[in-house]
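Structure first, commentary second.
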Amino acid sequence: MDKDRVIGSAKVVKGKVKAAVGKAVGDAKLEAEGEAEKVEGKVQNAVGGIKDTIRDA
């Protein structure tokens, strides 16, 4: 498993928490940051998956 996949997954979780906290306290900026971090994590996870596929080929 590529390190990008691990880091990406962690960013997705962190982003979900940030977005939930932002929504709970009514902080639109924090919620938006959380959503952006989730997307960034998903992209990084996908890059790691591609690297794994190439390495295994």
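Quick caveat, the model's predicted, so the values are computed rather than measured. All residue numbers refer to positions in the sequence shown, counting from 1. Below, each value reflects all heavy atoms present in this structure, side chains not excepted, and no hydrogens, waters or symmetry copies.
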Problem - Shortest non-hydrogen separation from G15 to K38 and the atoms involved - result: C-CG, 3.6 Å
Practice task
Quick one: list whatever passes salt bridge (Lys or Arg N to Asp or Glu O under 4.0 Å) with K14, sequence neighbours left out.
Solution key: E37
Practice task
Find the distance between NZ (K29) and NZ (K18) and round it off to the nearest 0.5 Å.
Solution key: 9.5 Å
Fill in the blank from the handout: Rounded to the nearest 0.5 angstrom, the CD-CD distance for E35 and E40 is 13.5 Å
N/O donor-acceptor pairs under 3.5 Å from side chains in residues 43-50, not counting sequence neighbours:
unit_1, atom_1, unit_2, atom_2, d
Q44, OE1, K11, NZ, 3.1
Q44, NE2, D4, OD1, 3.2
N45, OD1, R5, NE, 3.4
N45, ND2, S9, OG, 3.2

Practice task
Answer with yes or no whether the hydrophobic clustering places V17 together with V12; edges join I, L, V, M, F, W, Y residues whose side-chain heavy atoms lie under 4.5 Å apart.
Solution key: no
Handout entry: Side chain D52, main chain D2, donor-acceptor under 3.5 Å
Key = yes
Handout entry: Sequence-distant partners of K3, side chain to side chain contact (heavy atoms under 4.5 Å, CB included), two or more places apart
Key = none
